[in-house]
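Being a predicted model, the structure only gives us computed values, none of them experimental.
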Amino acid sequence: MKSKGKCSSVPVNDAHVHVGYFPRKGYEEPYYYSPRRVLGILNRAGVNEFIFSSTNAIWDFSGDAMHAEAREMRRLAGRRAHAFFWITDEYWKLDPDLSKLPDFYEGLKLHGGETPWLEHPRLLSRVFSIAKERKFRVQIHTGEKDDKTANPIPAYLPYCRKFPEIKFDLAHGKPAADVPRAVNENDNVYVDCAYGSADAVKQWLDAGAREDRILFGSDIPVQQRLLDISLTEYLRKNLRGFSSRRILSDNFGVFLNHE
């Protein structure tokens with residue numbers, strides 16, 4: 001879909017989008033970013049396809065609310081929307097083989113800041129075993145705040161090598177120094193630039209990272225946690241720094257096996 005105000009003639013696919021409740025600057029209570037609201041932001045910024053997951057994982061242990069959101073986003077956006085299920089240890093207790101997940105999910109999202117996955121290697125391996133069986137892609141949050149020490153890329157690489165059949169998106173690419181080796185030495189590893197910038201991606205490339213393993217990601221709408229801004233304008237401005245069709249569009253299709 002082409003949208004008025006698009007910043008580039010290159011098609012844009014966003015590998016890292018969220019819906020659900022999230023803290024917002026100036027609001028005492030978490031703000032609800034509905035599928036319709038988030039899709040409107042993406043449409044106005046010129047985003048075509050996108051991968052999304054729900055931040056409601058922090059309280060929706062049954063997954064029911066997240067499934068409803070995913071259905072609504074797919075109803076609104078059709079095949080443009082690719083749902084990844086944000087799995088938590090609390091959800092795992094209710095569905096230890098993930099058999100209750102609706103079949104429209106195309107991948108899993110893991111966030112070590114919410115569930116300490118790295119402290120439970122056997123459980124993490126079991127999750128990846130199921131992802132392999134279900135032919136899921138896996139997006140993993142790397143880094144934590146600005147110190148870039150928690151959930152670092154190297155901690156997940158042994159799992160990426162153990163499960164070469166799975167395509168992993170080591171989201172945010174933190175620490176940045178580990179990005180080139182991670183993507184160059186592992187055929188199934190990608191990184192996205194969510195909450196980053198074109199300058200950060202340039203640093204990865206200048207350090208030798210493969211361009212065909214970098215995904216554009218925005219992390220919309222989390223920017224409003226710290227900033228009182230228009231998310232549409234934020235995304236448009238961010239996109240102006242990119243010109244690579246591979247990063248903005250093509251790698252997304254390869255990651256999801258749409259090549």
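For the 3.5 Å distance criterion, the side chains of D97 and S99 qualify, holding a donor opposite an acceptor. For the residue pair R213 and N251, no side-chain donor N or O sits within less than 3.5 Å of a side-chain acceptor on the partner. Residues Q224 and Y234 bring no donor and acceptor atom of their side chains to less than 3.5 Å of each other. Side-chain contact, Q139 with S53: no donor N or O sits under 3.5 Å from an acceptor N or O. Side-chain atoms of N56 and W59 include a donor-acceptor pair closer than 3.5 Å. Side-chain contact, Y105 with H67: a donor N or O sits under 3.5 Å from an acceptor N or O. Side-chain atoms of N151 and T142 form no donor-acceptor pair, as typed in the model, at a separation below 3.5 Å. Side-chain polar atoms of R161 and Y156 form no donor-acceptor pair below 3.5 angstrom.
Atom CD of E165 is surrounded by more than 12 heavy atoms from other residues, nucleotides or ligands within 6.0 Å.
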Please lay out, stage by stage, how Y31 and R37 fare under the test side chain to side chain donor-acceptor pair (under 3.5 Å).
CA-CA 12 Å; Y31 186 83; R37 179 178 293 275; 3.0 Å; yes
Which is it for E211 and V201 under the side chain to side chain contact (heavy atoms under 4.5 Å, CB included) test, yes or no, and what are the steps along the way?
CA-CA 9 Å; E211 185 182 32; V201 172; over 6 Å; no
Which is it for K109 and H16 under the side chain to side chain contact (heavy atoms under 4.5 Å, CB included) test, yes or no, and what are the steps along the way?
CA-CA 10 Å; K109 166 67 180 280; H16 196 137; 3.7 Å; yes
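Between S218 atom OG and N238 atom CG the span is 8.0 Å, to the nearest 0.5 Å. How far CG of D14 is from CG of N48: 11.0 Å, rounded to the nearest 0.5 Å.
Under the side chain to side chain donor-acceptor pair (under 3.5 Å) test applied with K167, the options N188, N257, D187 reduce to a single match, N257. Checked against F168 for a ring-ring contact (aromatic ring centres under 6.0 Å, His included), the options F136, F255, F128 give a single hit: F128. Test Y91, F52, F104 against F85 for ring-ring contact (aromatic ring centres under 6.0 Å, His included) and you get one pass: Y91.
Residues H18 and F84 place their aromatic rings such that the two centres sit no closer than 6.0 Å.
Taking the side chain as every heavy atom from C-beta outward, P11 and R245 approach each other to under 4.5 Å. The shortest distance between side-chain heavy atoms of P152 and K174 does not fall below 4.5 Å.
Using a 4.0 Å cut-off between charged side-chain N and carboxylate O, K202 and D206 make a salt bridge.
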